[in-house]
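Please read the structure below before turning to the comments.
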Amino acid sequence: MEGPSENLPEPANLRFLRRLVTLLTVVMIGGLLVVVSLLVIRFSQTGPTLPDQITLPDGATAQAVTIGDGWYAVVTTDNRILIFDQLTGALRQTVEIE
């Protein structure tokens, strides 16, 4: 003998809810794959290149380094910012910090 609920058709609201949950699952999996692939692409790019050696003026000690487009700057412990050319390594500018 069959149970009383086996012959009843599925309600339309339940069918709609089941499809909605399936669609949400597919969208979330797709979004997760997009986020992971963007992270992999972003982190696989090469970063900026620094020269092997930086020659600082006498008595200067590096405290921080920052890189721009075609230049890099070294902040020294004696309150100066030394801006160097990225290709040649030549000192472009010295900025005194007050």
Report whether Leu91 and Val74 are members of the same hydrophobic cluster (ILVMFWY, side-chain heavy atoms less than 4.5 Å apart, transitive linking). yes
Distance-minimising heavy-atom pair for Arg92 and Asp85: NH2-OD1, 2.7 Å
Do Phe84 and Ile54 make a side-chain contact, defined as non-hydrogen atoms from C-beta onward lying under 4.5 Å apart? yes
With the side chain counted from C-beta on, respond yes when Met28 and Leu24 share a heavy-atom pair under 4.5 Å apart, and no when they do not. yes
Look at the side-chain heavy atoms of Ile, Leu, Val, Met, Phe, Trp and Tyr, link any pair under 4.5 Å apart, and say whether Leu56 and Val65 land in one connected group. yes
Donor-acceptor contact below 3.5 Å, side chain Ser44 vs main chain Ile41: yes
CD/Gln63 to CG/Asp78 distance, rounded to the nearest 0.5 angstrom? 9.5 Å
Applying the 4.5 Å side-chain criterion to the ILVMFWY set and letting contacts propagate, would Val35 and Val27 be lumped into a single cluster? no
Side-chain touch Leu23/Val21, heavy atoms, less than 4.5 angstrom: no
How far does CZ of Arg19 sit from CG of Leu17, to the nearest 0.5 angstrom? 12.0 Å
Which value, rounded to the nearest 0.5 Å, describes the distance between Thr76 atom OG1 and Leu82 atom CG? 5.5 Å
Within this structure, what is the CD1-CD distance for the pair Ile81 and Gln93, rounded to the nearest 0.5 Å? 9.0 Å
So, do Trp71 and Leu87 sit near enough that their side-chain heavy atoms are less than 4.5 Å apart? no
Contact summary for Ala60 and Arg80, nearest pair of heavy atoms: CB-NH2, 3.5 Å
Would you check, one step at a time, whether the test side-chain contact (heavy atoms from CB on, under 4.5 Å) holds for Gln86 with Asp69? CA-CA 8 Å; Gln86 194 169 17; Asp69 189 26; 5.8 Å; no
